[in-house]
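This is the structure I have questions about; it appears just below.
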Amino acid sequence: MAASIATRASGVALYVGVLIVAGLATALAAGPEAYGVYTGLLGSPLGLIVLFGLTVSIFYHLAAGLRHLVFDSGKGFLPATANATAWAAFAFAVVASLLVWAGYFLLSGH
Amino acid sequence: MDSNSYRTPLGRARGLGSAHTGVGRFIGERATSVALVPLSLWAIYAGLKIAPLGYDGAVAFLQSPLNAVLAVLLIAVSVSHMDMGMRVIIEDYIHKPLTKVSLMLLSTGVSWTFGALGIVSVLKVALMSAGTH
């Protein structure tokens, strides 16, 4: 239940995320000034929070999507199994996001 | 059901659903989700890659044909997937016909307008000659 609603919520977040990516490409095509303003917004504290939320959403929606592809094949419906894979999807999203962001800041030296 | 039948379960079921349509949509939702497994992982890689680079680095990144093609595919497949996904959410929660249809049209319009803008922008940057930036 919670896993299902989180799949939809992360999907809606990623809907906005794709609009943000399309905006980034548009700013890049518009030139250095527009790109500077746009990436400045993304690099602001609020922007970074949004980007981190989108990272969690990508990893969660990815894991949940794979889980649903298994459901489509008729497998994984035993309550114990479904609960375990739901928790695994949540855990994967948090751990993978933290690893990606920690790795980025450690390697880039920011 | 005759277990010795040579007809597949799909062959037996085809055309017997109440709506007689929807198979294409079901397959489209799954096909785009499978395509987005590698594309979304690439999106994270691309984001990390261009984040520290600034304008010139981002332009150089998209001038690699492989990166440009993956960026176009990412946007196109994502827009198709999110259009279908948002439509399911609207159908599930909004039941007033006029509101439902208006929101579905709005969602489709917004997603494809931004998608087209993103794709044309990626192509413009990818095909920009070295002297113009």
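Chain letters run A, B, ... following the sequence lines, proteins first, then strands; residues in each count from 1.
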Counting heavy-atom pairs under 4.5 Å to chain A, which of B:L41, B:V122, B:I75, B:D92 comes out on top?
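Of the candidates given, the most pairs with chain A belong to B:D92.
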Below 4.5 Å from any heavy atom of chain B, which atoms of A:H68 appear? Answer side chain, backbone, both or neither.
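Neither; nothing under 4.5 Å.
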Which value, rounded to the nearest 0.5 Å, describes the distance between B:R30 atom CZ and A:L69 atom CG?
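Rounded to the nearest 0.5 Å, the CZ-CG separation comes out at 7.5 Å.
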Going only through I, L, V, M, F, W and Y residues with side-chain contacts under 4.5 Å, is there a path from A:F92 to B:L36?
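Looking at the clustering, B:L36 is in the same group as A:F92.
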Between B:H81, B:M82, B:K124, which residue shows the highest count of heavy-atom pairs closer than 4.5 Å to chain A?
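The candidate making the most pairs under 4.5 Å is B:M82.
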B:V77-B:W112 co-clustered via ILVMFWY side chain contacts under 4.5 Å:
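Yes, same cluster.
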Do you know which of A:T55, A:D72, A:L28, A:V12 has the most heavy-atom pairs with chain B at a distance under 4.5 angstrom?
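Max contact count across the listed options: A:L28.
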If we only count heavy atoms from C-beta on, is the B:F114 to A:V18 side-chain gap below 4.5 Å?
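A side-chain contact is absent here, since even the closest heavy-atom pair is not under 4.5 Å.
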How close do B:S121 and A:A25 get, heavy atom to heavy atom, and via which atoms?
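Scanning both residues completely, I find the closest heavy atoms to be CB-O, 3.3 Å.
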Among A:G65, A:G103, A:G11, A:G31, which residue has the highest count of heavy-atom pairs closer than 4.5 Å to chain B?
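With the most close heavy-atom pairs to chain B, the winner is A:G31.
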Using heavy-atom distances under 4.5 Å, tell me whether B:L123 contacts chain A through its side chain, its backbone, both, or neither.
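For B:L123, no heavy atom lies under 4.5 Å from chain A.
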Residue A:L62 versus chain B: region with a heavy atom under 4.5 Å
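Just its side chain gets close to chain B.
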Pair A:Y15-B:S107, side-chain donor/acceptor within less than 3.5 Å:
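There is such a pair (donor and acceptor under 3.5 Å, judged by atom type) between the side chains of A:Y15 and B:S107.
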Which answer fits A:L24, side chain, backbone, both or neither, if we ask what part of it has an atom under 4.5 Å from a heavy atom of chain B?
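For A:L24, side-chain heavy atoms alone lie under 4.5 Å from chain B.
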Which portion of A:L51 sits near chain B, non-hydrogen atoms under 4.5 angstrom
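Looking at A:L51, nothing touches chain B.
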Flag side-chain contact, heavy atom, 4.5 Å: B:S40 against A:F59:
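Heavy-atom side-chain distance check fails, nothing below 4.5 Å.
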Identify which part of B:Y45 has an atom lying under 4.5 Å from any heavy atom of chain A, answering side chain, backbone, both or neither.
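Neither part.
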Heavy-atom proximity to chain A below 4.5 Å, by part of B:S111:
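Both the backbone and the side chain of B:S111 come within 4.5 Å of chain A.
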Honestly curious: do A:L42 and A:F105 fall in one hydrophobic cluster under the side-chain, below-4.5 Å linking rule?
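Yes, one cluster joins them.
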Using non-hydrogen atoms and a 4.5 Å limit, figure out which bit of B:I44 sits close to chain A: side chain, backbone, both or neither.
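Only the side chain of B:I44 comes within 4.5 Å of chain A.
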A:I58, part contacting chain B, at a heavy-atom distance under 4.5 Å
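Looking at A:I58, just its side chain touches chain B.
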Residue B:L62 versus chain A: region with a heavy atom under 4.5 Å:
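Only the side chain of B:L62 comes within 4.5 Å of chain A.
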Residue A:T26 versus chain B: region with a heavy atom under 4.5 Å
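Interface part for A:T26: both.
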Give a yes or no on whether A:V16 and A:Y38 share a hydrophobic cluster (residues Ile, Leu, Val, Met, Phe, Trp, Tyr; joining criterion: side-chain heavy atoms under 4.5 Å apart).
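Yes; A:Y38 is reachable from A:V16 via cluster members.
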Need one label for B:A51: side chain, backbone, both or neither, based on atoms under 4.5 Å from any heavy atom in chain A.
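Answer is both: backbone and side chain atoms of B:A51 are under 4.5 Å from chain A.
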Same hydrophobic cluster for A:Y60 and A:V21, using side-chain heavy-atom links shorter than 4.5 Å among ILVMFWY?
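Unlinked, A:Y60 and A:V21 end up in two clusters.
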